[in-house]
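The block underneath contains the structure these notes are about, expressed in structure tokens.
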Amino acid sequence: MIRAIRGMKDILPPETSRWQWVESQAREVFELYGYREIRLPLLEKTELFARSIGADTDIVAKEMYTFTDRSGDSLTLRPEATAQVLRACLENGLMRRAGVNKLYLIGPMFRYERPQKGRYRQFHQINCEALGSDAPELDAEVILMLVDLLGKLGIKDLRLLINSLGCPECTPDFKSQLQLFLAAQEGWCDDCRRRLVVNPLRVLDCKSQHCQALLVGAPVMEDSLCQDCARHYRRVLSLLEGAGLAYEKNPRLVRGLDYYTRTTFEVTAAGLGAQDAVAGGGRYNGLARELGGPDLPGLGFAIGEDRLLEVLPPEAGLEGRPLTFLAALGDAARERAFLCLQEIRAQGLPAAMDFEGRSLKSQMSLADRLGAAYVVILGDQELASGQALLRHMASSQQDAVPLTELAPALAARAGLKEGS
Ligand code: ATP
Ligand code: MG
């Protein structure tokens, strides 16, 4: 038997209802903040990611799905969205429009990582990007929107970690201080020994416990921030405080991509184990320039949808409109029931019946398996009297309802107006 690729999973019903629900909540919240959807290809030129994410990051060094297509071009399955959203904005001239461009993108990402709990090779992200402003209000708004959404989804025990990574004015100074500190210690992992020469900030992001322990006492970015960056950071924090949002400063937070500047943040949720980040994001003021565009400040975040689903309350997103099952006995009753199906659906309510001519008993157990809230029993006798038996499954209460009234009666019970 052919199986799915390692680290890539099928998402099946009823779980898919929960994914749909999460995405519809996201769309609703994003709309409140002025975001519009953008849909982009899964494949991009390899160069786009190599240039933006940074050559010495895990993503570019070892995680990309890269291949040469039939015309000899090097293509990569997108490992993240920000670079391609910017690519699309530059290419389509989206930022020539006035004001801040606010975009969201929902879809799969691909990284060749070691599969484990909360880590897949195809995973799914809900991304938001706000382009065109360096105002700290935008940073605070983006973070508030993220927390707003996670709250509406019912995610509990969230922690917001925040840091500032400075700008090209102040980061180089910090990097050399850090490099001095790192070089004075022994025992770094092989990756970090290389990083400490090429890209010392990456050491802060090392997943090894041993390296993390060696980092105790390392210089922190906040002490090296230039005046503008320090002011920006203070303002973001005070706006969050004003909105009543609790945060934790984490001076080690650098995240897995090189393009971040100033505000960086991560949201973790309890109950996820080692991979506990449900969302991460930050500012990337230099990225557009890096991609050959103009100076275009911006920031964004990505929610890991697979991890989010793991901490979603168990019932969330599963309740739909009540299902009515039509249990019909005999050919004539089945034909009438087939009509009723469409009448009920026209009221905006789901309806199902058996097409196989099963016995009443097995139709009742089918109704049960489908989770029907109501069962309508329709046989020769009911056809003759023009009334069917409507049974509410949870209470076992039964009422005789005229066949012509069935659909509106069900709509009334579901609290729907006729035809809505
Ligand atoms: P991590 O430190 O967990 O590797 P990251 O810094 O690589 O995360 P980002 O690139 O910022 O993550 O992606 C944002 C979010 O996407 C993460 O917080 C996480 O929820 C999710 N994510 C990243 N990689 C994976 C993966 N391989 N499988 C599932 N979810 C992932
Ligand atoms: Mg990662």
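All ligand and atom numbering here is 1-based and tracks the order in the structure. All values below come from the heavy atoms of this structure, side chains included, with hydrogens, waters and symmetry mates left out.
Taking atom 22 (N) of ligand 1 as the reference point, the nearest protein heavy-atom neighbour is Phe123 CE1, 3.5 Å. Of all protein heavy atoms, the one lying nearest to atom 17 (C) of ligand 1 is Ala277 O, 4.0 Å. When hydrogens are left out, the protein atom nearest atom 28 (N) of ligand 1 is Tyr120 N, 2.9 Å; that is the closest non-hydrogen contact. Closest protein heavy atom to atom 27 (N) of ligand 1: Glu113 OE2, 2.6 Å. What sits closest to atom 11 (O) of ligand 1 on the protein, heavy atoms only, is Arg255 NH2, 2.1 Å. Scanning the protein heavy atoms around atom 4 (O) of ligand 1, the nearest turns out to be Arg119 NH1, 3.0 Å. Considering only non-hydrogen protein atoms, atom 21 (C) of ligand 1 sits nearest to Gly304 CA, 3.6 Å.
Of all heavy-atom pairs spanning Pro219 and Phe174, the tightest one is O-CE1, 3.4 Å.
When Glu310, Glu63, Arg111 are ranked by how near their heavy atoms come to atom 12 (O) of ligand 1, first place goes to Arg111.
The Val278 neighbourhood of ligand 1 comprises atoms 18 (O), 20 (O), with distances under 4.0 Å to a heavy atom of that residue. Interface atoms of ligand 1 facing Ala302, defined by a heavy-atom separation under 4.0 Å, are 14 (C), 15 (C). Within ligand 1, counting atoms from 1 as listed, the ones closer than 4.0 Å to a heavy atom of Gly118 are 28 (N), 29 (C), 30 (N). Residue contact check: Ala279 has heavy atoms under 4.0 Å from atoms 18 (O) of ligand 1.
Not a single heavy atom of Gln275 lies less than 4.0 angstrom from ligand 1. Under the 4.0 angstrom criterion for non-hydrogen atoms, Lys207 is in contact with ligand 1. Using a 4.0 Å heavy-atom cutoff, Glu80 is absent from the residues neighbouring ligand 1.
Using a 4.0 Å cut-off between charged side-chain N and carboxylate O, Arg111 and Glu80 make no salt bridge. Salt bridge status for Lys152 with Glu28: absent, with no side-chain N to carboxylate O gap under 4.0 Å. The residues Arg3 and Asp10 are annotated as not salt-bridged, no charged nitrogen and carboxylate oxygen being separated by less than 4.0 angstrom. Between Arg334 and Asp354 there is no salt bridge, since no side-chain N of the basic residue sits under 4.0 Å from a carboxylate O of the acidic one. Between Arg18 and Glu15 there is a salt bridge, since a side-chain N of the basic residue sits under 4.0 Å from a carboxylate O of the acidic one.
Only the side chain of Gln125 comes within 4.0 Å of ligand 1, counting heavy atoms alone; its backbone N, CA, C and O stay farther away. Under 4.0 angstrom from ligand 1, the non-hydrogen atoms of Arg307 all belong to its side chain. With a 4.0 Å cut-off on non-hydrogen atoms, Asp58 does not touch ligand 1 at all.
In this structure, Tyr65 and Tyr112 have perpendicular ring planes: the angle between them is above 60°, well past the 30° mark. Taking the six-membered ring where the residue is Trp, Phe30 and Tyr104 present tilted rings, their angle falling between 30° and 60°.
Remark: Lys9 NZ is packed, more than 12 non-hydrogen atoms of other residues, nucleotides or ligands lying under 6.0 Å away.
A side chain to side chain contact (heavy atoms under 4.5 Å, CB included) with Val311 holds for exactly one of Asp157, Leu158, Leu153, Val278; it is Val278.
In this structure, atom 8 (O) of ligand 1 has its sub-4.0 angstrom surroundings free of protein heavy atoms.
Counting only distance, with no hydrogens or angles, the side chain of Arg252 and the backbone of Leu204 share no donor-acceptor pair below 3.5 Å. Arg391 places no side-chain N or O within 3.5 Å of a backbone atom of Ile377 that could act as its donor or acceptor partner.
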